[in-house]
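All values below were derived from every heavy atom in this structure, side-chain atoms included, with hydrogens, water molecules and symmetry-related copies excluded. Every number for a ligand or one of its atoms is a count from 1 in the order of the listing.
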Amino acid sequence: MVPTLYGNPQSTCTKRVATVFQEKQVPFEFVTIDFAKGEHKSDEFVAKEPFSQVPYLYIVYESRAIARYIEEKYAGQGTTLTPKDLKAKGQFEQAASIEVSNFDPYPSAAVFEKLFTPYQKLTPDEATFNALIKKLEAKLDVYDQILSKQKYLGGDEVTLADLFHLPYGSLLPAVGSDAIESRPNVAKWFKSLQDRPSWQAVKDGITATA
Ligand SMILES: N[C@@H](CCC(=O)N[C@@H](CS)C(=O)NCC(=O)O)C(=O)O
């Protein structure tokens with residue numbers, strides 16, 4: 001049975017999952033949840049995803065959890081995105097944790113401040129935005145050191161941890177931040193991720209592939 005991804009075609013978290021479907025070469029159906037119509041707040045949706053957020057797949061929500069589920073379910077096809085060897089697995093888990101702790105909080109909040117507050121008829125707060133970007137830059141200085149010694153965040157092979165950076169990292173230029181492109185090793189790493197056919201296929205919006 002073809003899997004059905006419930007999400008929004010422009011949502012960052014939905015793109016995180018769709019990228020992994022592309023990497024694993026798994027065709028999927030796509031059901032759009034229309035935020036403007038409040039579909040994510042309907043009783044039917046909340047029964048599946050109690051936080052009223054996209055995406056979800058079958059019985060799993062949270063984009064990173066869904067990505068890991070897809071990786072394991074389709075282990076035998078497409079790109080291998082989690083190492084099996086214990087040492088490499090430890091380094092992968094470390095990289096996945098780095099993304100959640102040291103990366104995501106800053107661009108996701110900064111993008112929200114600059115791009116999404118106007119939709120909610122709120123005024124972006126420049127001081128909050130600048131403080132978030134400053135913190136992100138300090139974290140990316142460390143990334144730049146790590147990536148001077150290895151090709152990817154978890155070692156020399158691409159993993160889910162690298163791909164998880166794509167949706168928010170790709171929005172940084174749109175909010176006027178060069179935090180990625182101004183750091184040479186981070187820039188090279190991120191470009192190699194953005195150039196992957198998986199990201200190219202979803203970056204402008206998600207459509208079903210089945
Ligand atoms: N940690 C969750 C975050 C999900 C999330 O923030 N989804 C956003 C779209 S990217 C959403 O549904 N926003 C609508 C809302 O919160 O009302 C994940 O990774 O799936």
Do Lys203 and Gln194 have a side chain donor and acceptor closer than 3.5 Å?
no

Pairwise, report which nitrogen or oxygen atoms of ligand 1 are under 3.5 angstrom from protein nitrogen or oxygen atoms, and how far apart they are.
unit_1: ligand 1; atom_1: 1 (N); unit_2: Glu62; atom_2: OE1; d: 2.8
unit_1: ligand 1; atom_1: 1 (N); unit_2: Glu62; atom_2: OE2; d: 3.2
unit_1: ligand 1; atom_1: 6 (O); unit_2: Gln53; atom_2: NE2; d: 3.4
unit_1: ligand 1; atom_1: 7 (N); unit_2: Val54; atom_2: O; d: 2.9
unit_1: ligand 1; atom_1: 12 (O); unit_2: Val54; atom_2: N; d: 2.9
unit_1: ligand 1; atom_1: 16 (O); unit_2: Gln53; atom_2: NE2; d: 3.1
unit_1: ligand 1; atom_1: 17 (O); unit_2: His40; atom_2: NE2; d: 3.4
unit_1: ligand 1; atom_1: 19 (O); unit_2: Ser63; atom_2: N; d: 3.3
unit_1: ligand 1; atom_1: 19 (O); unit_2: Ser63; atom_2: OG; d: 2.6
unit_1: ligand 1; atom_1: 20 (O); unit_2: Ser63; atom_2: N; d: 2.8

Taking side chain as C-beta onward, heavy atoms only, is Phe164 less than 4.5 Å from Asp104?
no

Give a yes or no on whether Leu122 atom CG has more than 12 heavy-atom contacts from other residues, nucleotides or ligands under 6.0 Å away.
yes

Contacts of Lys41 that satisfy salt bridge (charged side-chain N to carboxylate O under 4.0 Å, His left out) - sequence neighbours left out
none

Taking atom CD as the centre, does Glu157 end up with more than 12 heavy-atom neighbours from other residues, nucleotides or ligands that are less than 6.0 angstrom away?
no

Quickly, which of Tyr56, Phe51, Tyr6, Tyr61 forms a ring pair (Phe, Tyr, Trp, His ring centres under 6.0 Å) with Phe45? Name it, please.
Tyr56

